[in-house]
Colleague: 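Please read through the structure below; I'll follow up with questions.
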Amino acid sequence: MTRNAPDNLCPIAVNLSEMLTGDWRAMRPVVDRDRCVKCATCWLYCPVQCITEKPTWFDVNLATCKGCGICATECPHRAITMVEETED
Ligand code: SF4
Ligand code: SF4
């Protein structure tokens, strides 16, 4: 099933570089591509619309993800795990 998941519903998160969160986020979501069934629940709940549709899974734009963990909580298939950010 193909869904049209626009990734530009929140212009603040998507377009303004000063809103990038990668420098200060403490946790990041990791999507298990094998568990993801493309139900789009994470896309619906993400408060900054940084979930994007890939061919066989939904992924996260880590440039604007703020690490709130709502997607991981709401994913009905437990395909998203929050992991701690580590310094490079
Ligand atoms: S909510 Fe979970 S299963 Fe549904 S699209 Fe997002 S990651 Fe995939
Ligand atoms: S952690 Fe929060 S901001 Fe990041 S993708 Fe999930 S719901 Fe969106």
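For this chain, numbers begin at 1 and follow the sequence in order. Note that the structure is a prediction, hence the values are computed from the model and not measured.
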Colleague: Mind checking whether Trp57 and Leu44 sit in one hydrophobic cluster, side chains of I, L, V, M, F, W, Y counted as touching below 4.5 Å?
Modeller: yes
Colleague: What heavy-atom pair brings Gly67 and Met82 nearest, and what distance separates the two atoms?
Modeller: O-CE, 3.6 Å
Colleague: What distance separates Gln49 CD from Thr64 OG1, expressed to the nearest 0.5 Å?
Modeller: 10.0 Å
Colleague: Could you check Arg25 against Cys65 for side-chain contact (heavy atoms from CB on, under 4.5 Å), going step by step and ending with a plain yes or no?
Modeller: CA-CA 8 Å; Arg25 183 182 51 235; Cys65 166; 3.9 Å; yes
Colleague: Honestly curious: do Phe58 and Leu62 fall in one hydrophobic cluster under the side-chain, below-4.5 Å linking rule?
Modeller: yes
Colleague: Hey, could you give me each pair passing side-chain hydrogen bond (donor to acceptor under 3.5 Å, both in side chains) that has a residue in residues 26-37? Not counting sequence neighbours.
Modeller: Arg28-Glu85
Colleague: Can any side-chain N or O of Lys66 pair as donor or acceptor with the backbone N or O of Pro47 at less than 3.5 Å?
Modeller: no
Colleague: Taking the side chain as every heavy atom from C-beta outward, state whether Cys75 and Cys42 have any atom pair closer than 4.5 Å.
Modeller: no
Colleague: For Val60 and Val31, work out which heavy atoms get closest and say how close.
Modeller: CG2-CG2, 4.2 Å
Colleague: Donor-acceptor pair, distance only, cut-off 3.5 Å: does the side chain of Arg78 make one with the backbone of Thr73?
Modeller: no
Colleague: Can you see which heavy atom on Glu74 is nearest to which on Thr41, and at what distance?
Modeller: O-CG2, 3.6 Å
